[in-house]
Amino acid sequence: MMGAMNRLISEEGLQAAVGFLVRLVEAAGAIVIFSGALLGFVRFAVAALRHRDAESFVPIRLDLGRFLALGLEFQLGSDLLRTAVAPTFVEIGQLAAVAAIRTALNFFLGREIKEEREEIRRAQEPPPPREAAP
Amino acid sequence: MTAWADSAALVLSCCGVAALVLGSSLQRWHAGLNMALALWQAAGLIRLSGLRSWQNLAAAAVIVLVRHAVSRALRAQRQL
């Protein structure tokens with residue numbers, strides 16, 4: 001059974017296939033990060049030249065953060081693939097480091113989104129009515 | 001892949017400098033600095049797609065922390 005399996009899928013063949021998939025997923029992550037960052041820069045330049053108010057920059061920065069988190073998810077996926085066949089300790093350590101960076105980035109991003117929403121909500125609230133003078 | 005990632009990271013780093021210059025020239029240096037830090041962070045993450053090394057990983061982690069610290073400091077200053 002194992003002999004037939006080894007003839008069907010050799011370890012070298014499996015490693016080559018996984019290597020190709022790793023490249024593919026890494027490239028997808030890099031494309032997501034690069035295109036998101038360029039789009040964010042163009043939107044920032046347009047907002048800076050046209051609107052110039054502080055609120056218009058917030059959604060741009062948060063969208064860019066979401067692109068970065070998505071790209072990092074792809075990189076995490078490529079690391080998981082890399083460790084699928086005969087992983088080394090270095091690969092496992094790097095996988096742990098990327099997972100830690102991704103978790104920190106998502107945590108900070110989530111907190112930033114919450115704080116910015118609070119700030120926008122407070123700015124949109126009408127001021128409390130003044131007491132009438134006697 | 002490494003050469004492509006390095007070139008993309010260089011382009012994003014230049015965009016970060018441009019965002020900083022644009023923000024400060026329009027009296028919006030808070031927004032410019034925030035955007036520049038986000039773009040430099042993107043450059044650091046793209047470099048991870050190329051040659052994965054401990055140095056690149058440490059640089060990406062440090063940029064995430066610095067960006068977060070500066071963002072918090074700017075927000076605290078804005079609320080004063």
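Residue numbers start from 1 in every chain, and the chains themselves are labelled A, B, ... in the order their sequence lines are given, proteins ahead of strands. Because the structure is a prediction, the values reported are computed rather than measured.
- If you take CG on B:L39 and CZ on A:R61, they are separated by 11.5 Å, rounding to the nearest 0.5 Å.
- Tracing side-chain contacts under 4.5 Å through hydrophobic residues (I, L, V, M, F, W, Y), one reaches B:W29 starting from B:V66; they form part of the same cluster.
- Formation of a donor-acceptor pair under 3.5 Å by the B:Q41 side chain with backbone atoms of A:L68 is not found in this model.
- Both A:F107 and B:V64 are part of a single hydrophobic cluster, where members link through side-chain heavy atoms under 4.5 Å apart.
- At least one side-chain heavy atom of B:L22 sits under 4.5 Å from a side-chain heavy atom of A:F44.
- What you find for B:L26 and A:A48 is that their closest heavy atoms are CD1-O, 3.3 Å.
- The nearest pair of heavy atoms linking B:C15 to A:F41 is O-CE1, 3.2 Å.
- By the rule that hydrophobic residues join a cluster once side-chain heavy atoms approach within less than 4.5 Å of another member, B:W40 and B:V21 end up as members of one cluster.
- Closest of all the heavy-atom pairs between A:I101 and B:A60 is CD1-CB, 4.2 Å.
- In this structure, chain A has no heavy atom under 4.5 Å from any part of B:A36.
- Chosen from B:V11, B:L12, B:L65, the residue pairing most often with chain A at heavy-atom distances under 4.5 Å is B:L12.
- When each of A:I33, A:V32, A:I31 is paired with B:I46, the side chain to side chain contact (heavy atoms under 4.5 Å, CB included) condition holds for A:I33 and for no other.
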Pair A:L64, B:M35 - check side-chain contact (heavy atoms from CB on, under 4.5 Å), show working. CA-CA 9 Å; A:L64 176 53; B:M35 194 65 196; 3.6 Å; yes
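- A 4.5 Å side-chain heavy-atom check between B:W54 and A:V90 finds at least one atom pair inside the cut-off.
- How far CZ of B:R67 is from CZ of A:F108: 10.5 Å, rounded to the nearest 0.5 Å.
- Criterion: ILVMFWY side-chain heavy atoms under 4.5 Å apart, direct or through other members. Under it, B:I63 and B:V70 are not part of a common hydrophobic cluster.
- There is a path of hydrophobic side-chain contacts, each under 4.5 Å, that joins A:L38 to A:L49.
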